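As the structure is a computational prediction, the values presented were derived from the model and not from experiment. Counting convention: from 1, in listed order, for ligands and their atoms alike.
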Amino acid sequence: MEKRTPLAVSNAINKVMAFSLAGEHETVSIHESYGRYLAEDLIADHAVPPFDRSPYDGFAIRAQDSIGAKKETPVAFRVITEIGAGSVYNGKVGENEAVRIMTGAQIPDGCDAVIMLELTKQYEKDGQPFFSISHEYKKGDNISFQAEDVEKGTSLIQKGTYINPGIVALLATFGYANVRVARRPKIGIIATGSELLEVGDELKPGKIRNSNAYMMISQVVRSGAEPVYFGKLADNFDQCYSFIKEKVEGVDFLITTGGVSVGDYDYLPAIYEKLGAAVLFNKVGMRPGSVTTVAELDGKLLFGLSGNPSACYVGFELFVRPIVRTYLFSERPHLQKISAILGASFVQPNSFARFIRGKLEFENGKLIVNPVGLDKSNAVSSLAEADCLIVLPGSTRGYEIGWEVDVLLLGEETGCPDPWGE
Ligand SMILES: Nc1nc2c(c(=O)[nH]1)N[C@H]1C(S)=C(S)[C@@H](COP(=O)(O)OP(=O)(O)OC[C@H]3O[C@@H](n4cnc5c(N)ncnc54)[C@H](O)[C@@H]3O)O[C@H]1N2
Ligand code: MOO
Ligand SMILES: [Mg+2]
């Protein structure tokens, strides 16, 4: 009977990350840029706003002309023209003259303050529009200044950043009709197990539906990669071997689920051997996911994730996600780590690090993390509610309610450079 030696989680992750590849670029239309990863830094090639503009609907004046305006001594201005956003007035504005100006319009030369419409008393004299004001304005009052938002030349967003709607707004602002993004690596997915039914099948005795493949397709998409689902296979060595050998060719990474433990029908270890793949590790000091196996074939990584749903899920987030994010140029490829207060006790000591599916909540201003659902490797229900993994390092004692623990956030885009440093 083969005896496996568990590797510490951080060592196992480092072994995988040693195979990090920088990805390739591709250009997509700005319409398709949301949810992708920038392949170049976003630098402001002009100021925002590009000109001084009015933040209000009102009147642009020379502030000096308002000196002395009070309730008892209002000051009058003659309105010489009007401009809406998009229009520019290139004429001169003289003493006690004003330009009626709408929000977003460029401040006319010579003007240096804007008065809101509501703060003026408008009237007509000799068929001409006038208004009066009853307090003074200073130079710069109510001006939205050129470059107050972004100065020309600023490096705004770093290569490798997830493109959220705000970044799409910046891309549009700076004229990126087409955007250089990281090519999504293709990740092949194969489910193994003679017990597996497809989603549309009726339940039969001894069989279960293949949930891992669909879960992983979603995890692959969430990680920023492109899933290529090859289907499920029965536990048959020859069939699995030739299928994996064929499918690995067309993808950047290949994930299988199931068949990595020591059972009679767990064929992945023998398949790696026959393929001539170098196994980086086949046991990790973690729970769930202790059987997580990673092998390398001609520089390509084969992830042998557990068949147990929770183990498969955790294995993906800890090992596959960071390598995908690195491929997408991120310098923060790992799950974001924060601290929270444990909302439950885990009295059983465990020599393996545990990654408990958890949910974060604020209670009286404190961030509390509670376990969700059944805390077993074969559980699937807990995954639905989890928004984080509670990290309980291996220890000879348990963990008690109220203790501060590390928590890894799921579905969070910023990520973390290295949550495993001591
Ligand atoms: N003697 C030992 N037995 C086991 C050990 C061990 O160390 N010694 N490790 C246990 C641990 S830990 C885990 S985790 C599992 C890992 O099993 P495998 O990765 O070999 O996966 P399978 O045997 O194929 O399946 C395990 C379990 O998961 C269900 N499964 C498989 N594929 C799917 C899928 N696509 N969707 C949903 N569920 C799936 C399968 O029916 C089994 O119930 O091994 C322990 N045993
Ligand atoms: O690999 Mo198993 O998940 O440790 O339970
Ligand atoms: Mg097995």
Side-chain angles (χ1 to χ4, degrees), residues 1-9 12-13 187-201 203-220 227 229-237 239-240 243-244 254-272 279 281-295 302-320 348 350-357 373-384 386 389-394:
M1 177 80 224
E2 170 206 4
K3 179 107 178 60
R4 300 185 182 182
T5 315
L7 204 59
V9 179
I13 289 173
I187 305 194
I189 297 170
I190 298 172
T192 69
S194 297
E195 73 281 29
L196 300 179
L197 300 167
E198 261 316 343
V199 183
D201 297 339
L203 280 187
K204 290 193 191 100
K207 310 276 185 185
I208 57 163
R209 293 196 185 94
N210 165 19
S211 57
N212 290 353
Y214 296 92
M215 172 182 82
M216 285 197 295
I217 289 170
S218 319
Q219 287 178 292
V220 165
Y229 179 41
F230 292 126
K232 65 177 177 64
L233 297 174
D235 293 313
N236 172 305
F237 178 86
Q239 205 192 341
C240 288
F243 196 76
I244 290 172
L254 183 74
I255 305 178
T256 55
T257 168
V260 279
S261 187
V262 295
D264 293 347
Y265 307 102
D266 290 336
Y267 290 128
L268 265 298
I271 290 171
Y272 294 136
V279 172
F281 52 84
N282 59 13
K283 189 93 183 164
V284 186
M286 63 188 263
R287 200 139 266 147
S290 64
V291 299
T292 305
T293 301
V294 181
L302 312 178
F303 292 91
L305 302 186
S306 167
N308 275 328
S310 284
C312 182
Y313 184 101
V314 170
F316 183 96
E317 295 297 330
L318 297 191
F319 295 98
V320 186
Q348 284 282 41
N350 203 312
S351 61
F352 281 5
R354 296 174 69 189
F355 295 87
I356 315 279
R357 278 71 68 213
L374 179 66
D375 176 32
K376 275 190 167 180
S377 169
N378 53 17
V380 67
S381 61
S382 55
L383 299 171
L389 299 173
I390 308 169
V391 186
L392 303 180

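Using a 4.0 Å cut-off between charged nitrogen and carboxylate oxygen, Lys207 and Asp201 do not count as a salt-bridge pair.
Between Phe281 and Phe319, the ring planes are tilted. Angles from 30° to 60° get that label.
For atom 5 (C) of ligand 1, the closest heavy atom belonging to the protein is Ser261 OG, 3.2 Å. When hydrogens are left out, the protein atom nearest atom 12 (S) of ligand 1 is Ser290 OG, 3.4 Å; that is the closest non-hydrogen contact. With respect to atom 30 (N) of ligand 1, the closest heavy atom belonging to the protein is Gly307 O, 3.1 Å. At the top of the distance list for atom 35 (N) of ligand 1, counting protein heavy atoms only, stands Asn210 OD1, 2.9 Å. Considering only non-hydrogen protein atoms, atom 1 (N) of ligand 1 sits nearest to Val262 CG2, 3.6 Å. The single protein non-hydrogen atom nearest to atom 27 (C) of ligand 1 is Asn308 OD1, 3.1 Å, given as residue, atom name and distance. Looking at atom 42 (C) of ligand 1, its nearest protein heavy atom turns out to be Glu195 OE2, 4.1 Å. From the protein, the heavy atom lying nearest to atom 4 (O) of ligand 2 is Ser290 OG, 2.7 Å. The closest protein non-hydrogen atom to atom 24 (O) of ligand 1 is Gly259 N, 3.0 Å.
Nearest heavy-atom pair, Arg4 versus Asn282, reported as atom, atom and distance to 0.1 Å: NH1-O, 3.2 Å. Here the closest heavy-atom approach between residue Val284 and residue Gly289 is recorded as CB-O, 4.4 Å. Across all their heavy atoms, Ala353 and Val9 have their closest contact at CB-CG2, 4.2 Å.
Side-chain atoms of Val199 and Tyr214, non-hydrogen and from C-beta on, do get closer than 4.5 Å to each other. When side chains are defined from C-beta on, Ile208 counts as touching Leu196, because their heavy atoms get closer than 4.5 Å. Between Leu383 and Ser310, the closest side-chain pair of non-hydrogen atoms falls below 4.5 Å. Val380 is not listed as a side-chain neighbour of Met215, based on a closest heavy-atom distance of 4.5 Å or more. No side-chain heavy atom of Ile189 sits under 4.5 Å from any side-chain heavy atom of Phe230. Counting heavy atoms from C-beta on, the side chains of Leu268 and Thr293 never come closer than 4.5 Å. In this structure, the side chains of Thr292 and Val260 stay at 4.5 Å or more apart for every pair of heavy atoms.
Residue Thr292 has no N or O atom closer than 3.5 Å to an N or O atom of ligand 2. Any N or O atom pair closer than 3.5 Å counts here, and Gly289 shares at least one such pair with ligand 2. For ligand 1, the polar-atom distance check finds no N/O of Ala213 at less than 3.5 Å from any of the ligand's N/O atoms. By the 3.5 Å distance cut-off applied to N or O atoms, Ala311 is not counted among the residues near ligand 2.
Atoms of ligand 1 found under 4.0 Å from any heavy atom of Gly258, numbered from 1 in the order shown, are 19 (O), 21 (O), 24 (O). Taking every non-hydrogen atom of Ser377 and a distance limit under 4.0 Å, the qualifying atoms of ligand 2 come out as 2 (Mo), 3 (O), 5 (O). If you number the atoms of ligand 1 from 1 as listed, the ones under 4.0 Å from a heavy atom of Asp266 come out as 20 (O), 23 (O). Close contacts between ligand 1 and Lys283 involve ligand atoms 7 (O) [criterion: under 4.0 Å to a heavy atom]. Every atom of ligand 2 is numbered from 1 in the order shown, and the set under 4.0 Å from a heavy atom of Arg287 is 4 (O). Numbered from 1 in the order shown, with element, the atoms of ligand 2 that lie under 4.0 Å from a heavy atom of Pro288 read 3 (O), 4 (O).
Heavy atoms of Ser377 come nearer than 4.0 angstrom to ligand 1 in at least one pair.
Residue-level proximity to ligand 1 for Lys207 is absent, since no heavy atom of it falls below 4.0 angstrom. Under 4.0 angstrom from ligand 1, the non-hydrogen atoms of Ile208 all belong to its side chain. For Asn378, no heavy-atom contact with ligand 1 is shorter than 4.0 Å.
Of the candidates Pro288, Cys312, Pro309, Ser290, Ser377 forms a side-chain contact (heavy atoms from CB on, under 4.5 Å) with just one, namely Pro288.
Rounding to the nearest 0.5 Å gives a distance of 5.5 Å between CZ of Phe352 and NZ of Lys283.
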